[in-house]
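Beneath this line is the structure, given in structure tokens, with notes to follow.
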Amino acid sequence: MSTPTEDVVKQWEREQAELKKRLVEEDTEDWQKSPDFAGLERVGGVDLSFIKGDDVNACAQLVVLSFPDMKLLYKDSQMVTLNAPYVAGFLAFRETPSLLEALEKLKREQPSLMPQVVLVDGNGLFHYREFGLACHLGVLSDLPCVGVAKNLLQVQGVVRSDEHLSQINALEKDGDTFPLTTDTGKVLGKALRSCLKSTKPVYVSVGHRISLDTAVRLTHACCRHRVPEPIRQADMISREYLRTHFPSGLSPRDNNETLNT
DNA sequence: GCGACAG
DNA sequence: ATCTTGTCGC
């Protein structure tokens, strides 16, 4: 997959700006206003996993876990062909179509298991143009979504400075946070110490139909390890799927070339 | 030219 | 994203 042309990037930027008009940054559900999330029963997690040398074929994973137990209620692994390359700031154009398909399949086949909120591997509002993958998936699915990134995206003046590192060092117990504030003073997300064991925070931001404080509280409530359980399960299960279906590490693409030789 | 670059 | 075993600690 080649790097997109400037025209394509411009088109992508227009699409992000257009979809952003439909973004809802506040709590819209009753369970979100409850101190203990009463009424929340199902939390979704999504992720894509890849085979070493292949960036076109991937395993798209959707899981639904019970809340607050974090027991697996549903899992779906699906091999997909990606149409867009990875470009920082445009991850949604690579991953959203496959994830939307998985959600539509669930709605079609097991509507009673539809998640009430989805945790997404990547950023939401914490993004160059304040419209990351979690926002994109949220708006197009119209589901509440939360962005959880494992690495800091340096954006709008938020940098890995000594100040940032000292803020991380100041997080002493799980649940502790500090805001990710842009150079213009807007809070785009929060760094969260997700569990006592890990020093490295996760970066939480609003995806759609949830407030930042609720998003952080929910993410913390889903953590048994550093990465919140829905995303962690999606990651582990999709990797397991690739291990058992392509044990040689031979991707579908390589298999076809082998057959044609 | 140099550094940054979610997944 | 992926490349990868042992190792240290609870």
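Numbers restart at 1 for each chain; the letters A, B, ... are given by sequence-line order, proteins then strands. This structure is a prediction, so every number in the text was calculated from the model and none was measured.
- Every stem involving DNA chain B, taken as at least 3 paired positions in a row under the Watson-Crick or G-U wobble test at 3.5 Å, would be listed here, but there are none.
- Looking at residues two or more places apart in sequence or on another chain, you find a ring-ring contact (aromatic ring centres under 6.0 Å, His included) between A:Trp31 and A:Phe37.
- With rounding to whole Å, A:Lys52 atom NZ is found 12 Å from C:dT4 atom C1'.
- Under 4.0 Å is where a charged nitrogen must lie from a carboxylate oxygen, and between A:Arg239 and A:Asp235 at least one such pair does.
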Its contact letters, B for base, S for sugar-phosphate only and - for none at protein heavy atoms under 4.0 Å, make nucleotides 2-7 of chain B read --SSBB
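- Pairs of residues two or more places apart, or lying in two chains, never qualify as ring pair (Phe, Tyr, Trp, His ring centres under 6.0 Å) while including a residue from residues 102-125 of chain A.
- Although no hydrogens or angles enter the test, the distance criterion places no donor-acceptor pair under 3.5 Å between the side chain of A:Ser205 and the main chain of A:Gly189.
- With sequence neighbours excluded, no residue forms a ring-ring contact (aromatic ring centres under 6.0 Å, His included) with A:Tyr128.
- Atom CG of A:Asn57 and atom C1' of C:dA1 are 14 Å apart (whole Å).
- Under the side-chain hydrogen bond (donor to acceptor under 3.5 Å, both in side chains) criterion, A:Lys107 pairs with no residue, sequence neighbours left out.
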Would you be so kind as to tabulate the donor-acceptor pairs closer than 3.5 Å made by side chains of residues 72-84 of chain A, with sequence neighbours excluded?
| residue | atom | partner | partner atom | Å |
| --- | --- | --- | --- | --- |
| A:Asp76 | OD1 | A:Lys105 | NZ | 2.9 |
| A:Ser77 | OG | A:Gln61 | OE1 | 2.5 |

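- Residue A:Leu65 forms a side chain to side chain contact (heavy atoms under 4.5 Å, CB included) with just one option from A:Gln233, A:Glu41, A:Lys71, and that option is A:Gln233.
- Checking A:Asp7 against A:Thr5 by side-chain atom types alone, no donor-acceptor pair falls below 3.5 Å.
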Once each nucleotide of nucleotides 5-10 of chain C is scored for protein heavy atoms under 4.0 Å, what B/S/- sequence comes out, 5' to 3'? ------
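- A search for ring-ring contact (aromatic ring centres under 6.0 Å, His included) contacts involving A:His136 returns A:Phe93, A:Phe131, not counting sequence neighbours.
- In DNA chain C, no run of at least 3 Watson-Crick or G-U pairs (N1-N3 plus N6-O4 or O6-N4, or N1-O2 plus O6-N3, all under 3.5 Å) shows up, so the stem list is empty.
- A:Arg239 has no side-chain polar atom (N or O) that falls below the 4.0 Å cut-off from OP1 or OP2 of C:dA1.
- If you measure from atom CG of A:Leu242 to atom C1' of C:dA1, you get 11 Å, rounded to the nearest angstrom.
- Of the residues in residues 205-220 of chain A, not one comes within less than 4.0 Å of DNA chain B through any heavy atom.
- Side-chain atoms of A:Thr182 come within 3.5 Å of backbone N or O of A:Lys186 as a donor-acceptor pair.
- Listed by chain and residue number, A:Lys21 satisfy the side-chain hydrogen bond (donor to acceptor under 3.5 Å, both in side chains) test with A:Glu18 (two or more places apart in sequence, or in another chain).
- Other residues, nucleotides and ligands contribute over 12 non-hydrogen atoms within 6.0 Å of the CD atom of A:Glu109.
- Salt bridge annotation for A:Lys190-A:Asp213: present, with a cationic side-chain nitrogen under 4.0 angstrom from a carboxylate oxygen.
- Partner of A:Arg209 under the side chain to side chain contact (heavy atoms under 4.5 Å, CB included) criterion, out of A:Asp142, A:Leu143, A:Asp27, A:Val117: A:Asp142 alone.
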